[in-house]
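Letters A, B, ... are given to chains in the order of the sequence lines, protein chains preceding strands, and every chain is numbered from 1. Predicted model only: the values in this text are computed from it and were never measured.
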Number of protein chains: 2
Amino acid sequence: MSLASDQARPGAAEKPTLYKRIRLDIETRILTGEWPPGHRIPFEHQLMARYRCSRMTVNKALSELAQADLIERRRRAGSFVRRPQHLSAVLKISDIRAEITALGRSYGYQLIDCRRRTATAADRARLGVSTAGKVIAIACRHSADDVPFAVEDRLIDLSTVPEAATADFAREPPGSWLLHHVPWTEAEHTISAVVADDRTAKALDIAVGSPCLVIDRYTWRSARTVTAVRLHYPGETHRLVARFKGG
Amino acid sequence: MSLASDQARPGAAEKPTLYKRIRLDIETRILTGEWPPGHRIPFEHQLMARYRCSRMTVNKALSELAQADLIERRRRAGSFVRRPQHLSAVLKISDIRAEITALGRSYGYQLIDCRRRTATAADRARLGVSTAGKVIAIACRHSADDVPFAVEDRLIDLSTVPEAATADFAREPPGSWLLHHVPWTEAEHTISAVVADDRTAKALDIAVGSPCLVIDRYTWRSARTVTAVRLHYPGETHRLVARFKGG
DNA sequence: CACGATTATATGTCTAGACATATAAGTCAA
DNA sequence: TTGACTTATATGTCTAGACATATAATCGTG
């Protein structure tokens, strides 16, 4: 229960700032279970005395822990170790080109189909818009070391991204183009599993009936739809990895 | 470019604190694209003048934006709107029982098999441990409104969680038991797609060859393995949803 | 005992300073 | 032109206070 045990060791490579040390001390006690969920953390004035610093310094450490949901702060009552409600994992979904090149593999891209049209009823439903503006529909394939990696089926709303009309999607994959031309979007991903149909199997060079991982991504920016994309990955070779810290 | 336009409106329901208003103002400008990636945010002393407050208040707002990766702060140079490198989505993976009851459906649980044994070579590989301690191997099924929802295949390392030996997994699902008895763990999820084999198809009441979404979760706590679990979901009906804000 | 009013207290926010430190930018010599 | 040195400056951290505010605990009353 004691907070002692951490005088600045002279051997420490580089001592972090004080508030970071306070934060790490408390975080360590929580993560090792020394302070279990529900445990009350020492009051700010106690930590002030313990670390011989001002209240603002302690407060900064505790505020960051509260932001990270490791503790809960309640007025008059104190700060308490939280028991996390849900396991939230951070799933990194990179731009496919970046993902492949980061793996040290050569990236390949083939445009299968690209057409501009007035949004059909199906297009509007998929984009979640009611007015029938122009859209671009793209089908393409990504490969790593000349092995098919994923097939992409995308719709871009030209009323939100008019510049897309002039982009050359035969040269640059639409995901990369959008990433550089429409930053700071919001998105929702839906992950599911299907078996490959004829068209998908052919594009991915797998057998019909093989499992595929499907990611549907719907992207918007300030309440305006940007794009809707469906990616098929060969399910037996592709993996999505999500790390998390929680309870 | 001007930062004006936000005098405290009398009609505003409840005015947030000043630093939150500063943070929201800047966040809005970034998210709407008014300040694109690379744009330099006004210096702290400029924001002090703009909002007529002390530097610490401005600093708190900017620090939080930096923590959220919306801006990058560089000494002597200033603060700049970041271009996010990767699309990181937050995937909420709840305890299955909690997930089903949250949907307003009735939760059902069937223990298929539960045995305690000395870890085999396969068990050790799966848990990532080298010594052959005791483990519990569990197979069970979760259902929602009496429809199979997921099948679970789990290994618990008894040298990390000795209390698990006394738990009654015929009554309580192991995921829920662990969540309440071993808080604050870390985990890695791997998501993939397969087609149902005989055993899985029977347990989920689907056809052999149907697609299944597979989640492998490997959980540890302070460098000690806790559990490894593989979940099969019927791929055509189950969806994983991940929201994200980024670029 | 139940319930409303009062009080004490821990956190939430803010100020007006301070010194430390990394580094962009300018200066000067080779 | 290039490289080394100097300087200016924006951020990083910290202090010793302050008042606001929500609420747990206490007290008093019916």
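- A residue-by-residue look at A:Lys60 and A:Ala77 shows that A:Lys60 has its nearest nucleotide of DNA chain D further toward the 5' end.
- Atom CG of A:Leu62 is separated from atom C1' of C:dA10 by 11 Å (rounded to the nearest Å).
- Regarding B:Arg73, its CZ atom lies at a distance of 14 Å from the C1' atom of C:dA22, rounded to whole Å.
- At a threshold of 4.5 Å between non-hydrogen side-chain atoms, the residues A:Tyr109 and A:Ile100 do not count as touching.
- Of the side-chain N and O atoms in B:Ser79, none sit less than 4.0 angstrom from OP1 or OP2 of D:dA10.
- Cation-pi geometry between B:Arg83 and B:Phe80 is not met: the NZ or CZ atom fails to fall both under 6.0 Å from the ring centre and inside 45° of the normal.
- Of the candidate nucleotides D:dT15, C:dG12, D:dC14, D:dT15 has the atom lying nearest to any side-chain atom of A:Ser54.
- When each of C:dT11, C:dA20, C:dT13 is scored by its nearest atom to the side-chain atoms of B:Thr17, the top-ranked nucleotide is C:dT13.
- The distance between atom CD of A:Glu44 and atom P of D:dA22, rounded to the nearest whole Å, is 17 Å.
- Under 3.5 Å, the side chain of A:Arg76 and the base of C:dA10 form no donor-acceptor pair of N or O atoms.
- Between B:Ala164 and B:Ile156, the closest heavy-atom pair is CB-CG2, 4.1 Å.
- Looking at heavy atoms from C-beta onward, A:Ser159 lies in side-chain contact with A:Arg224 at the 4.5 angstrom threshold.
- Taking atom CZ of residue A:Arg75 and atom P of nucleotide D:dA24, one finds them 12 Å apart after rounding to whole Å.
- Between B:Arg73 and B:Glu44, at least one side-chain N (NZ, or NE/NH1/NH2) sits under 4.0 Å from a carboxylate O, which counts as a salt bridge.
- Nearest-nucleotide positions on DNA chain D for A:Lys20 and A:Arg55 put A:Lys20 closer to the 5' end.
- Listed nucleotides: D:dT11, C:dC14, D:dA22. Nearest to the side chain of A:Met56: C:dC14.
- When the C1' atom of D:dT13 is taken as reference, atom CD of A:Glu64 falls 12 Å away, rounded to whole Å.
- Judged by distance alone, with hydrogens and angles left aside, A:Arg74 brings no side-chain donor or acceptor close enough to the base of C:dG12 to form a pair under 3.5 Å.
- Between A:Phe43 atom CZ and D:dA24 atom P the separation is 12 Å, expressed in whole Å.
- The CG atom of A:Leu18 sits 16 Å away from the P atom of C:dA20 (whole-angstrom rounding).
- Atom pair A:Asn59:CG and C:dT15:C1' shows a separation of 14 Å (rounding to whole Å applied).
- Residue A:Ser63 places none of its side-chain N or O atoms closer than 4.0 Å to OP1 or OP2 of C:dG12.
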